[in-house]
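To start, the structure itself, in structure tokens.
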Amino acid sequence: MRDPSADDLLTWYDRHARVLPWRVSPADRRVGVMPDPYRVWLSEIMLQQTTVAAVKAYFERFTTLWPTVAGLAAAQDAAVMGEWAGLGYYARARNLLKGARAVVAEHGGRFPETRDGLLTLPGVGPYTASAVAAIAFDRPETVVDGNVERVMARVFRVETPLPAAKGELTALAARLTPRERPGDYAQAVMDLGATVCTPRSPACGICPWMEGCRARAVGVQAELPLKAAKKAKPVRFGIAYLARREDGAWLVETRPDRGLLGGMTGFPGTEWDEAAPKHAPPVEAEWRDPGGEVRHTFTHFHLALALRVAEVPLDAMAERGAFRPDLRRSELPTVMRKAFDLASRALVQS
DNA sequence: AAGACGTGGAA
DNA sequence: TTTCCAAGTCT
């Protein structure tokens with residue numbers, strides 16, 4: 001069986017490319033239009049382990065607030081973290097700022113144009129460096145994301161489970177990468193994976209690579225790629241304390257820069273642990289149990305978060321955190337939004 | 001090098 | 001309800 005051809009995929013892409021806010025269409029690229037490297041980089045960081053649907057609104061918001069890398073580099077940390085809230089993997093936002101500032105301070109405000117140069121930026125790994133080099137600068141680099149791994153595992157019928165198969169899949173992907181139109185090609189393989197060669201029930205009937213697909217030939221396409229078994233998530237428990245001052249200010253703190261929800265705004269509370277939490281109220285008050293609890297699942301554990309709520313006077317002195325009259329729900333990570341919602345309902349009724 | 005690191009939508 | 005997983009990176 002002959003290998004799939006880049007030409008066949010590019011022809012398909014010319015007709016079926018998704019229209020995305022950060023993308024230059026194949027028709028426009030053909031006449032010399034190139035995307036803004038800042039927008040490509042920003043979109044790639046946002047898209048790490050995150051769906052296109054979730055990214056769109058954040059991308060529009062960020063590019064409206066900060067249209068250039070210099071603008072982003074000059075932003076306040078808290079403003080950027082607040083705008084990233086809800087998107088997840090908050091180390092990306094911290095590295096985004098570091099990356100923008102590095103581009104301004106160390107590269108004269110222009111993005112490095114090579115894979116190796118891009119790799120020096122914080123938050124840019126092998127995938128993102130290749131993607132920006134290919135898409136923004138038309139370098140013939142091979143992008144290997146989850147889509148490409150899946151497509152290669154099927155087309156070449158690789159039955160080694162991930163992540164062990166990663167190197168083999170990367171080599172196979174590199175073999176197919178063309179010298180011509182590498183930017184369009186990179187986006188084309190990922191579009192193919194996202195819209196045709198999908199994880200469940202791939203649409204082989206409309207696939208430009210159907211004829212060359214080894215998995216399809218023997219009917220195992222839907223079983224590939226194989227993946228190592230996942231570990232069960234433990235349950236962790238904690239208590240969060242939500243104090244609202246008479247003037248409506250909430251007691252919050254900025255979480256430490258490292259670790260879970262690092263750099264984000266949150267409500268003070270106990271550690272989250274598999275054992276029963278010890279009480280640690282951040283301010284003296286008549287704490288009450290609003291009933292119910294916040295349930296939230298992180299990447300590696302389930303959280304059952306009990307709440308304590310209190311109304312406190314204007315002169316209340318907190319041992320932890322600070323009262324924020326201007327706190328917005330939207331600047332909170334999702335687990336804290338859940339706590340905020342539950343506490344708000346409980347405090348309305350008292 | 002295996003685990004940490006978020007979230008929401010689909011099945 | 002649970003599981004899977006989506007344009008990965010860092011340590």
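By convention in this document, chain letters (A, B, ...) are assigned in the order of the sequence lines, proteins followed by strands, and residues within each chain are numbered from 1.
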Exercise for the section: Grab the CH2-C1' distance between A:W84 and B:dG6 for me, whole Å please. Expected result: 12 Å
Handout entry: Rounded distance (Å) that lies between atom P of B:dG3 and atom CZ of A:R236
Key = 13 Å
Exercise for the section: Provide the distance between the two P atoms, one in C:dA6 and one in B:dC5, to the nearest whole Å. Expected result: 22 Å
Handout entry: N or O in side chain of A:T334 less than 4.0 angstrom from B:dG8 OP1/OP2
Key = yes
Practice task
Round to a whole Å and report the spacing from OH of A:Y89 to C1' of C:dG8.
Solution key: 8 Å
Exercise for the section: For B:dT7, take OP1 and OP2 only and decide whether either is under 4.0 Å from a side-chain N or O of A:R337. Expected result: no
Practice task
Take A:Q49 and A:A53, find for each the nucleotide of DNA chain B with the closest heavy atom, and name the residue whose nucleotide sits nearer the 5' end.
Solution key: A:Q49
Practice task
May I ask you to check whether A:Y185 and A:E180 show a side-chain donor-acceptor distance below 3.5 Å?
Solution key: no
Practice task
Just call it for A:V124: base, sugar-phosphate, or nothing, with non-hydrogen atoms closer than 4.0 Å on any strand.
Solution key: sugar-phosphate
Handout entry: Between C:dA6 (C1') and A:R200 (CZ): distance, integer Å
Key = 11 Å
Exercise for the section: Tell me whether the OP1 or OP2 atom of B:dG3 has a side-chain N or O from A:H300 closer than 4.0 Å. Expected result: no
Practice task
Would you indicate what A:G262 reaches in the nucleic acid, counting non-hydrogen atoms under 4.0 angstrom: base, sugar-phosphate, or nothing?
Solution key: nothing
Problem - Derivation of the salt bridge (Lys or Arg N to Asp or Glu O under 4.0 Å) call for A:E159 and A:R157 - result: CA-CA 6 Å; A:E159 299 189 305; A:R157 196 183 159 195; 3.7 Å; yes
Fill in the blank from the handout: When rounded to whole Å, the NE2 to P distance for the pair A:H302 and B:dT7 reads 15 Å
Practice task
May I ask you to evaluate whether A:K230 reaches the phosphate of C:dT3, defined as a side-chain N or O under 4.0 Å from OP1 or OP2?
Solution key: no
Practice task
Identify whether any heavy atom of A:L119 sits under 4.0 Å from a base atom; if not, whether one sits that close to sugar-phosphate; answer base, sugar-phosphate or nothing.
Solution key: nothing
Exercise for the section: Ignoring backbone atoms, test whether A:T128 places a side-chain nitrogen or oxygen under 4.0 Å from the OP1 or OP2 oxygen of C:dT9. Expected result: yes
Exercise for the section: Could you tell me whether A:W41 contacts a base, only the sugar-phosphate backbone, or nothing, with contacts defined as non-hydrogen atoms closer than 4.0 Å? Expected result: nothing
Handout entry: Residue-level proximity of residues 154-165 of chain A to DNA chain C when a heavy atom falls under 4.0 Å
Key = none
Exercise for the section: Say whether, by atom type as modelled, one donor and one acceptor occur between the side chain of A:T177 and the main chain of A:A173 under 3.5 angstrom. Expected result: yes
Handout entry: Distance-only donor-acceptor check, side chains A:Q48 and A:R92, under 3.5 Å
Key = no
Completion exercise
DNA chain C nearest-nucleotide lookup for A:R258 and A:K233: closer to the 5′ end is A:K233
Problem - Integer-rounded Å distance: B:dA4 P and A:L260 CG - result: 11 Å
Exercise for the section: Could you check whether A:I45 gets within reach of a base, just the sugar-phosphate, or nothing at all, counting any heavy atom under 4.0 Å? Expected result: nothing
Practice task
Indicate yes or no for a side-chain donor-acceptor contact from A:R18 to the backbone of A:R23 under 3.5 Å, with no hydrogens or angles considered.
Solution key: no
Exercise for the section: Indicate, with a heavy-atom threshold strictly under 4.0 Å, whether A:G193 touches base, sugar-phosphate, or nothing. Expected result: nothing
Problem - Side chain A:R94, main chain A:G262, donor-acceptor under 3.5 Å - result: yes
Exercise for the section: Have a look at A:R18 and say if it touches a base, only the backbone sugar-phosphate, or nothing, with a 4.0 Å heavy-atom cut-off. Expected result: base
Fill in the blank from the handout: From the list A:L224, A:L169, A:V158, side-chain contact (heavy atoms from CB on, under 4.5 Å) partner of A:M152 resolves to A:L169
Exercise for the section: Show your reasoning for whether ring pair (Phe, Tyr, Trp, His ring centres under 6.0 Å) applies to A:H300 and A:F298. Expected result: CA-CA 6 Å; A:H300 54 295; A:F298 293 100; 7.6 Å; no
Practice task
Tell me which nucleotide among B:dG3, B:dT7, C:dA6 gets nearest to the side chain of A:P199.
Solution key: C:dA6
Handout entry: No-H, no-angle donor-acceptor pair, A:T299 side chain to B:dG3 base, under 3.5 Å
Key = no
Handout entry: For atom CE of A:M190 and atom P of C:dA6, their distance in whole Å
Key = 14 Å
Problem - Rounded interatomic separation in angstrom, taking CG from A:L96 and C1' from C:dG8 - result: 15 Å
Fill in the blank from the handout: Which of C:dA6, B:dT7, C:dT9 is nearest the side chain of A:T51? It is C:dA6
Practice task
Check for a donor-acceptor pair, side chain of A:R139 on one end and backbone N or O of A:E113 on the other, with a separation under 3.5 Å.
Solution key: yes
Handout entry: Phosphate OP1/OP2 of C:dG8: any A:Q48 side-chain N/O under 4.0 Å
Key = no
Exercise for the section: Please determine if a side-chain N or O atom of A:H296 lies less than 4.0 Å away from the OP1 or OP2 oxygen of B:dT7. Expected result: yes
